[in-house]
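Only one structure is covered here, and it is reproduced in the block below.
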Amino acid sequence: MAEDLLVSGAGEILNKLINIGFEEISLVWGVKGEVEKLKTVLMRIQAVLEDAEKQQVEKEAVRLWLKELKDVAYDAEDVLDGIAYQTLRHQSESKVRNFLSRSNPLLFRTKIAHQIKHINAKLGEIERDKERFKFNEVIVTTPVSMMISDGSSTSSAVPNYQLETASLIDDSEIVGRKDDALKIMNMLIQPICNGEDDDVLSVIPIVGLGGLGKTTLARLVFNANEVGNHFNPKIWICVSTDFNVKRLLREMLENAFEIAKHESSNMDSIQRTLQDKLRGRRFLFVLDDMWIEDGFLEKWETLKIVLKCADRGSKIIVTTRNGEVANVVAGTSHIQNLQVLPEDDCWDLFQRRAFASGGVQMTQALEAIGRQIVKKCGGVPLAIKSLGGMMRLKREENEWLAVKNNEIWNIPDADKKIINVLKLSFDNLPSSVKRCFSYCSIFPKGHSIKKKMLIQMWMAEGFVSTSRGNVLMLEDIGNQYFNILYLNSFFQEVETNELGEIKRCKMHDLVHDLAQFVSGQESSVPSSNVIPDDISKTRYMLYIPSGRRAEFPKALYNARKLHTLLSNTPYEVPREIFVNFKLLRVLDLSYSTSIKELPSSICKLKHLRYLDLSMTDIEELPESITRLYNLQTLKLKNCEKLKVLPQKLCKLINLRYLYIGGCNELSGMPKGIEHLTSLQMLSDFKVGLEEDGNSITELHHLNLLRGKLVISGLQNVRDATYAQAANLKGKSNLSHLILFWEDMDDGVDYANNNKELSVLEALEPSCNLKRLDIAGFGGESMPTWMMNNSLTVSNLVIIVFINCRKCKCLPSFVQLPFLRCLGIQGMGNLKRFGDSGSNKLKEIHQQTVAFPSLKTLELEALPNLEEWVLEESLSSLHSFPCLENLLIIDCPKLKATPSSLFPSLKSLQFNGCSSSIAIRSITTNLSFLTLLYIGGCPDLKFLSQRVLERNRLLETLAITCCPKFEGFVEVEQKHGNEEEFVMSSKAAEEESIMNLMPKKSIMLLNDLQWLEIMECPQLRNIIINTTVSLPSLKTLTITNSNAMVMEAFSRNLTSLTCLGLDTIQDLVFLPKNVLQDNMHLKHLFIANCPLLQCDGIFFTENNNELPLLSCLQLVVQGCHALNSLNFPLQCWSSLRVVHIIDCRGLKSFPEGLSLLPHLEVLRIGQFCEDLDNFPFPDSDQPQIQIGGHHQHYFTSLKYLAFLGWPKLMSLPYQLQNLKKLKRLCLEEFSGLITLPDWLGSLISLGGLAIYSCENLMHLPSKEAMLRLTLLEEFWIKNCPLLKDRCNKDRGGHEWSKISHVQTITIDDVPV
């Protein structure tokens, strides 16, 4: 690649100017002479551009000439766009008032003429200057904007790139990296050696050239099921060149635990919160694309120290191109050096793109040349994929030879060769697509880019245009541009939605480097509030402030030519933005929660086409926003405080996208929406009362709507005539339709029922619809357009019914060929499902397969459903061939179910189904279950043992709230086959269990990882008279059941990491067979076990110690028989988190607890209420030696929560010795009035919380509080007296003691 940036994009700007609509400007403003002169000059310059762009490679003067031309073209574009805006304004406003009433139209015409004349002068100089270069002229016959064809002509334009879902390149099938993936997975999940501190956190670096597939390999491992089952949480973060520890920790916190953006700018607070979440967990982090920078080693060590709070076996995968990075992070770990792909794999990867469906046809000659091209790529997958995408449309042999003989292959440096291959692909893109690609440099590396948003931004910037005669919409052309970039591997890691459509994508970091290179000074992404010195020519900017209290930098106002500004600001948006950035086309202020209003001056942004205010606190938009006549996209998603839209919204005649989903306070739609005939997306339409002007008839002319449409408030539709006028059938581009009636009363209103049915009948959608949701419908039956295999529903992929409470019957849907998901919920009157009762349909069915494509079926809250059956004419044996997920919840009367084999079923969930007949009939013949959940079945007593025998892949098993359930049993032949065993539990009760299962045996469930038994008091053996072997079991939870159930497990629960026992009335000792020899148990929870003995936690019934050396977390709660506890250090040395609360028999502090070497979190209290003092241990107690080291008093304790009881009048004085304590929480000390001054001795304390201390009035003295120099967070909740005394506004006596604290929260309200 040339060292100096080559100028590109000038031709596309000129082409846009030439096609801008000069005739209309001339007609309106009377400037025909200057306009014709401008168009002529533009066309003369355009004629030499092709040769100029070739010559600039060798001639710097030509490059400078092109740069000047591009700058002038941009200025011309701004001027002409401004004139076009005034033309729109004239057409719109002259109809209702005297246009430009405050100015003289003649003067304005003079101003326009002067502006065009000034442009002509500049272009004239450039045209005269071109003569010295002697460019060759090329007559342009096909406008660049027509390079993408609509498929309606036979021109030489680029073919239509409208991708079908099936033709998407499957990036999940990785070529040539299976061995590497297996090796890394083995390193991730290999057993850990106990006692070695280094095993807490290990790092696996993947190092190699850019484009070799490091990220792809890491993603393959990251998404593997085996890895997912082994780690929780898993977090992926793109590091790139900004190795900012604080940013990385914040992203970990936000991404791993779905916490809203962590607003605190305090590093210690972020670190502490993350450690609280990670403690005791085994995580996997991927740090993608890491680079060496100043202070790298120190930053890396800081990050590792923070993360070492986690469980042993936690891993970090680092991908990097830098060998030094790999050596630093690896330590003693293995470094995975990624090698180039073998030649056969390279060819496989290339031909998948070049010769795939829609690509060039493979000939012997092209294959030979292609293999030579692939060989030159040096085994780098990114280069191969990029060239494969480029070559798929090159049909001539000489075009292939030109690529093979290109000079880029002579570059010796591998990294430079790869980037030049990408540049070669870029150079072969249509010029309009080049601008779209370079625009993507505005997004950070690793950013997940929303496809629809990107295309809307391209449209706003004018990169996407159409010409007369092209029937394609702008959106279709933008979609084709996207697909070109995707097929050329400029986009990767695509995510699809439920309908198989691309939703998001990412860019490889090398591709992003190329985008930054070709965009040059036009794009800027300032970081850490550092603004480049010269941004006067910057057109596109992403600015993210570094802190909560940062102000909008005044230096940004120098970017007066800015076209795009993306900024998530934590501060009030300065009004200067709307004055200084008058050329903006794209303004994204989403997630800026400080925004509560917009100034009326927003109307000055006359070029604005894209405005995103989603997730802000804005309550009302200024009416002046309706003067943004160019606006195409207005996003207001989840603006929960927005109450009303501008009344004159209909003036936005170019509006194509209006997003108002999640605006729950929005009362309705303004009148006149029907005039917005350019609308492509209207996320929600709220039907109001006719007198308010919110009639559904406003949808009549909006036939360009596409994507998803929600119509709510349908109870307000007067009658079917109005619904018919909405013309949903004419909206053929809609893919997802939601029809929503607000909840009506349950009283029977037959007139209203008939009205709602007639309304729904009139709301028939187009047959192109892919998903249909109907919610709150009050009719008793569904419309005819759903029945009898209607063409209207023939293409549906997803159908959902919610709370159609009066509906008595549903269409069968059995023959819909594409239906993949069917959900039925809250239909109280539905008694029968699966057949329509239509004789005509029965004749159609004959012996066809029912639900040929269905993958997910959910039946929920159907209280009167009795039968789920198929038409008699359907073949039960071959029905539901693809069904993988079946969920039946709260269907208590369900008895009859299909006799289908469900050959593909993987997940089966029953809950709240009183009849056990349905459960048995479905579970009889299953073979591939991975999840089985049965709950809320009061009469279920037995299930066949063969359910477990046949489903050897079962990973999750849960039996809950089945009070009569006794277990799985084997059925002997004398009791008939399994179908006969599916009788009521009353028949089963007549047989003794011993007759059913005469001999004892062992059953191996090799894959079971998660087992939950809850509210099953009669259950004593999972499988009657059978010992269950569960070698892979990781989580076992038993609640309100019998202790005997644990005796049925064999002793080899060697993989168990989490054991929870709750409300087991007869539990005295922990089960020896479950815990003995267990070396992996990390989490032990014991609650509400009233007979559990003091030593029952630490010893078996035979007084054998339970050495749980790996246990990190112990919770004991509500076990009132305990009167003392002893923590033998040789058994519990790894404990990090201990909760011992509400054990009312305890009279002493657990012995040995204060000497646990790794204890970080302790929550303790609510002991025997006869105690007058909290029995906290002294710091001078005897030390104990383990492994050659003396164990000291609370060596690692950072978080302490005390729970009191009524008799306690003071805190234990020993607390003042906890010098390393960072957070202290005091709860339920009702007798406490004053906190002691010695709390000021806790010099490391960063957070103090006081909850439910209703009589507490006094904090420590001000002097004592000021000694807590690290205190940054202070919480009070349910402390009424202290709350009043800490009231800032009322001059509370205690306020001065805490006023210096950075974050104060009282009753969940920040102060």
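Positions are given from 1 along the sequence. Quick note: numbers below take in every heavy atom, side chains included, and nothing from hydrogens, waters or symmetry partners.
Looking only at distances, a side-chain donor or acceptor of T302 sits under 3.5 Å from a matching main-chain atom of E298. Between the side chain of S614 and the backbone N or O of K637, at least one donor-acceptor pair lies under 3.5 Å. R281 places a side-chain N or O within donor-acceptor distance of the main-chain N or O of K277, the cut-off being under 3.5 Å. Counting only distance, with no hydrogens or angles, the side chain of T1195 and the backbone of P1157 share no donor-acceptor pair below 3.5 Å. The closest donor-acceptor contact from the side chain of S567 to the backbone of Y543 lies under 3.5 Å. A donor-acceptor pair under 3.5 Å is formed between the side chain of Q275 and the backbone N or O of V306. Between the S1244 side chain and the K1219 main chain, a donor and an acceptor come within less than 3.5 Å of each other.
Atom NZ of K299 has more than 12 heavy atoms from other residues, nucleotides or ligands within 6.0 Å. Within a 6.0 Å sphere centred on CD of E1151, heavy atoms belonging to other residues, nucleotides or ligands number 12 at most. More than 12 heavy-atom neighbours from other residues, nucleotides or ligands sit within 6.0 angstrom of NZ on K1207. For K1220, the NZ atom is loosely surrounded, since the number of other residues' heavy atoms within 6.0 Å does not exceed 12. Counting non-hydrogen atoms of other residues, nucleotides and ligands closer than 6.0 Å to NZ of K234 gives a total above 12.
Heavy-atom minimum distance, I1250 versus L1282: CD1-CD2, 4.1 Å. In this structure, P1090 and N1088 approach most closely via the heavy-atom pair CD-O, 3.4 Å. Residues D1307 and K1283 approach most closely at OD2-NZ, 3.1 Å, considering heavy atoms. Taking all atoms of both residues into account, the shortest heavy-atom contact from L1266 to T1269 is O-CG2, 3.7 Å. Closest approach of N1123 to L1146, counting heavy atoms only: C-CD2, 3.6 Å. The two residues C309 and E1160 come nearest to each other via the heavy atoms CB-OE1, 4.3 Å.
With no hydrogens or angles considered, no side-chain donor-acceptor pair links E640 and N664 at under 3.5 Å. Checking E1228 against Q1166 by side-chain atom types alone, a donor-acceptor pair falls below 3.5 Å. Looking at Y1213 and N1173, their side chains never bring a donor and an acceptor atom within 3.5 Å of each other. Side chain to side chain, S1261 and D1237 meet the donor-acceptor criterion of an N or O pair below 3.5 Å.
Of the residues listed (L307, L303, I237), the one engaging F285 in a side-chain contact (heavy atoms from CB on, under 4.5 Å) is L307, and it is the only one. Remark: of the listed residues W1275, Y1251, F1202, Y1251 is the sole one forming a side-chain contact (heavy atoms from CB on, under 4.5 Å) with C1225.
In summary, E1169 and R1144 engage in a salt bridge, as defined by a charged side-chain N under 4.0 Å from a carboxylate O. A salt bridge links E1227 with R1163: at least one charged nitrogen is closer than 4.0 Å to a carboxylate oxygen. Salt bridge E1263/R1267: absent, no basic N to carboxylate O contact under 4.0 Å.
Atom CE of M1265 and atom OG of S1296 lie 10.0 Å apart (nearest 0.5 Å). Interatomic distance, C1279 SG to F1229 CZ, rounded to the nearest 0.5 Å: 11.5 Å. To the nearest 0.5 Å, atom CG of residue L1208 and atom CG of residue L1226 are 11.5 Å apart. One finds the CG atom of L1232 at 11.0 Å from the NE2 atom of H1258 (value rounded to the nearest 0.5 Å).
Annotation: side chain of K1297 is not in contact with side chain of P1260 (no heavy-atom distance under 4.5 Å). Looking at N1217 and Y1193, their side chains come closer than 4.5 Å, going by heavy atoms from C-beta outward. Put simply, the side chain of L1135 does not reach to within 4.5 Å of the side chain of L1112, judged on heavy atoms. Within the 4.5 Å cutoff, the side chain of Y591 has no heavy atoms near those of the T616 side chain. Between L1092 and I1086 the shortest side-chain heavy-atom distance falls below 4.5 Å. With contacts defined as side-chain heavy-atom distances shorter than 4.5 Å, the pair E665/K641 does not qualify. Using a 4.5 Å heavy-atom cutoff, the side chains of C1058 and F1085 are in contact.
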Determine, stepwise, if the pair F1149 / F1176 fulfils ring-ring contact (aromatic ring centres under 6.0 Å, His included).
-> CA-CA 6 Å; F1149 196 86; F1176 204 76; 5.2 Å; yes
